[in-house]
Amino acid sequence: MHIAVCFDDVADRKQLERLLDRESDKRKEKTGVFYTDSYGQTKKLFPKRMSYDIIFIGIYGIENDIDYALSLAKSGVTAPIIICSEVDGYDDQSTTSLPFPKNILFLKKPVLRADLSAILDQAEEIKAHEEKTIEIRHNTDTYYVFEDDIEFIKTSGRYIVVHLNDQTEVSVLDNILNFYNGLYSFEHLVLASPKLIINASHVAKCSAFKVKLKNGLSIRIPLSGSAYIKKAIKNIEEKRKSNDN
């Protein structure tokens, strides 16, 4: 498990590293060894944020740390983000109206071994139910999106264009088959043809040679693609019913 510690205070940072080493020994049979990288500045952490299973923050004071944690979550980080602060009252999210994502947790400083162990238990629970993101590399930007943020992906010349449900279109220098090979764990995304991926969860109606998306857009597909999409829709419905029960 890879962990980032971003503290401005060197003593606090070293203390947390020591406690994490002890927790690593205790948990290695379940989670594997902890590998910890330390940062004294958030700007150095940000480019590597997607590499970590857990991120500890304690650098700017509680208000700014919350803003930074929210920016991490907004940028695609679904791993647990643990804000460490001496300030009381922020560890209970029911006492504040701030819209904290479920992966943002709070830990009181100075960090005690029992408190760290408890927060790591919470982090492991979050990791167990973490929704994976998909990395989309544009020429100048990198997007991290959830599976159902994607409506469909279509070939356009030497590029593929990823159509998101917020109307964003992201061009990627790649081909559909190669891109699809990285999506094996995402069951809603169906290879409808060598030039088209359809997200079955966004399909309103599927006929032999056409799908109509919930946004009203119609897209032509081959007969074989129709069969794959209908199968994916059936699996989605069955899983939804199973979860409801």
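Below, all heavy atoms of this structure are taken into account, side chains as well, without hydrogens, waters or symmetry copies.
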**Study point:** Heavy-atom side-chain contact between Leu20 and Ile3 under 4.5 Å
**Key:**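 Leu20 reaches Ile3 side chain to side chain.
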Check your understanding: How would you list, by chain and number, every residue that makes a side chain to side chain contact (heavy atoms under 4.5 Å, CB included) with Ser224, sequence neighbours excluded?
Key ->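 Per chain and number, Ser224 pairs via side chain to side chain contact (heavy atoms under 4.5 Å, CB included) with Pro222.
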Practice item. Could you grab the distance from atom CZ of Arg158 to atom OG of Ser171, nearest 0.5 Å is fine? Key: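 With rounding to 0.5 Å, CZ (Arg158) is 11.0 Å from OG (Ser171).
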Review point. What heavy-atom pair brings Leu191 and Ser193 nearest, and what distance separates the two atoms?
Key: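 That would be CD1-O, 3.2 Å.
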Review point. Do Asp148 and Asn165 meet the criterion of a side-chain donor-acceptor pair at a distance under 3.5 Å?
Key: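 Not at all, the side chains of Asp148 and Asn165 share no donor-acceptor pair under 3.5 Å.
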**Study point:** Any side-chain donor near an acceptor of the partner, Thr78 and Glu131, under 3.5 Å
**Key:**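 Distance-only check fails for Thr78 and Glu131.
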Exercise for review: Using the ring pair (Phe, Tyr, Trp, His ring centres under 6.0 Å) rule, collect all pairs that involve residues 143-178, keeping only residues at least two apart or in two chains.
Suggested key: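 Only Phe152-His163 qualify under ring pair (Phe, Tyr, Trp, His ring centres under 6.0 Å).
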**Study point:** Residues which pass salt bridge (Lys or Arg N to Asp or Glu O under 4.0 Å) with Lys239, listed by chain and number, not counting sequence neighbours
**Key:**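 Expected list: Glu187.
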Check your understanding: Between the main-chain N or O of Ile150 and the side-chain N or O of Asn199, is there a donor-acceptor pair closer than 3.5 Å?
Key ->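 Yes, because the side chain of Asn199 sits within donor-acceptor range (under 3.5 Å) of the backbone of Ile150.
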Practice item. Answer whether the closest heavy-atom distance between the side chains of Val203 and Ile229 falls below 4.5 Å. Key: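 Touching, per the 4.5 Å side-chain cut-off.
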Exercise for review: Begin from the C-alpha positions of Thr142 and Ile136 and carry the test side chain to side chain contact (heavy atoms under 4.5 Å, CB included) through to its verdict.
Suggested key: CA-CA 6 Å; Thr142 301; Ile136 305 173; over 6 Å; no
Can you give the donor-acceptor pairs under 3.5 Å from side chains of residues 115-122 to other protein atoms, not counting sequence neighbours?
{"unit_1": "Ser117", "atom_1": "OG", "unit_2": "Lys26", "atom_2": "NZ", "d": "3.1"}
{"unit_1": "Ser117", "atom_1": "OG", "unit_2": "Arg27", "atom_2": "NH2", "d": "3.2"}
{"unit_1": "Asp121", "atom_1": "OD1", "unit_2": "Arg27", "atom_2": "NH1", "d": "3.0"}
{"unit_1": "Asp121", "atom_1": "OD1", "unit_2": "Arg27", "atom_2": "NH2", "d": "3.0"}

Practice item. Name all pairs fulfilling the ring pair (Phe, Tyr, Trp, His ring centres under 6.0 Å) condition that reach into residues 2-34, sequence neighbours left out, sorted by first residue then second. Key: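 Checked against ring pair (Phe, Tyr, Trp, His ring centres under 6.0 Å) - neighbours excluded - the pairs reaching residues 2-34 are His2-Tyr35.
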Point to revise | Nearest heavy-atom neighbours spanning Asp12 and Asp9 | key: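 Of all heavy-atom pairs spanning Asp12 and Asp9, the closest is N-OD1, 2.8 Å.
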**Study point:** Any side-chain heavy-atom pair of Ile81 and Pro101 under 4.5 Å
**Key:**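 Ile81 does not reach Pro101 side chain to side chain.
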**Study point:** Lys154, NZ atom: more than 12 neighbouring heavy atoms under 6.0 Å
**Key:**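 12 or below, so no.
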Exercise for review: Report yes or no: does Lys210 contribute a side-chain atom to a donor-acceptor pair with the main-chain N or O of Ile221 at less than 3.5 Å?
Suggested key: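 Pair absent, no side-chain N/O of Lys210 close to backbone of Ile221.
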Review point. Do the side chain of Ser226 and the main chain of Ser207 share a donor and acceptor less than 3.5 angstrom apart?
Key: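 Yes; judged by distance alone, with no hydrogens or angles, the pair exists.
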Point to revise | Any Ser185 side-chain heavy atom under 4.5 Å of Lys132 side chain | key: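 Heavy-atom side-chain distance check passes, below 4.5 Å.
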Check your understanding: Is there a donor-acceptor contact under 3.5 Å from the side chain of Arg240 to the main chain of Glu237?
Key ->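 Judged by distance alone, no pair lies under 3.5 Å.
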Check your understanding: Under the side chain to side chain contact (heavy atoms under 4.5 Å, CB included) test, which residues partner Glu125, sequence neighbours left out?
Key ->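 Expected list: His129.
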**Study point:** Euclidean distance, Leu16 CG relative to Lys109 NZ, rounded to 0.5 Å
**Key:**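 One gets 9.5 Å once the value is rounded to the nearest 0.5 Å.
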Check your understanding: Going by heavy atoms in the side chains, are Ile160 and Leu173 under 4.5 Å from each other?
Key ->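 Answer no - side chains too far apart.
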Exercise for review: Name all pairs fulfilling the salt bridge (Lys or Arg N to Asp or Glu O under 4.0 Å) condition that reach into residues 219-229, sequence neighbours left out, sorted by first residue then second.
Suggested key: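 Residue pairs with at least one partner in residues 219-229: there are none.
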Exercise for review: Apply side chain to side chain contact (heavy atoms under 4.5 Å, CB included) to Glu238 and list each qualifying residue two or more places apart in sequence or on a separate chain.
Suggested key: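 Partners of Glu238 by the side chain to side chain contact (heavy atoms under 4.5 Å, CB included) criterion, ordered by chain and then number, come out as Lys234, Asn235.
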**Study point:** ring pair (Phe, Tyr, Trp, His ring centres under 6.0 Å) partners of residues 170-204, not counting sequence neighbours, each pair once
**Key:**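 Qualifying pairs: none.
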**Study point:** Atom pair CG/NZ of Leu112 and Lys108 - distance to nearest 0.5 Å
**Key:**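 These two atoms lie 9.0 Å from each other.
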Practice item. Supply the atom-to-atom distance Leu196 CG to Ile176 CD1, rounded to the nearest 0.5 angstrom. Key: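 With rounding to 0.5 Å, CG (Leu196) is 6.5 Å from CD1 (Ile176).
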Practice item. Can you sort out the partners of His138 under ring-ring contact (aromatic ring centres under 6.0 Å, His included), two or more places apart, ordered by chain and number? Key: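 Listed in chain order: nothing, the list is empty.
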Review point. Is there a side-chain contact between Ile198 and Ile219, using heavy atoms and a 4.5 Å cut-off?
Key: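 They are in contact (side-chain heavy atoms under 4.5 Å apart), so the answer is yes.
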Point to revise | Salt-bridge contact Glu130-Lys127 (side-chain N to carboxylate O under 4.0 Å) | key: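 A salt bridge is present here (some side-chain N lies under 4.0 Å from a carboxylate O).
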Practice item. Compare all side-chain heavy atoms of Val77 with those of Ser75 and state whether any distance is below 4.5 angstrom. Key: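 Touching, per the 4.5 Å side-chain cut-off.
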Point to revise | Check: Val111 and Phe56 side chains under 4.5 Å, non-hydrogen atoms | key: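 No, side chains not in contact.
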**Study point:** Residue list, ring-ring contact (aromatic ring centres under 6.0 Å, His included) with Phe209, at least two apart or on another chain
**Key:**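 None.
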Exercise for review: Using the test salt bridge (Lys or Arg N to Asp or Glu O under 4.0 Å), find all partners of Asp65 that sit at least two apart in sequence or belong to another chain.
Suggested key: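 Per chain and number, Asp65 pairs via salt bridge (Lys or Arg N to Asp or Glu O under 4.0 Å) with no residue.
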Practice item. Go through Asp149 and Thr168 one step at a time and tell me if the side chain to side chain contact (heavy atoms under 4.5 Å, CB included) criterion holds. Key: CA-CA 10 Å; Asp149 290 336; Thr168 300; over 6 Å; no
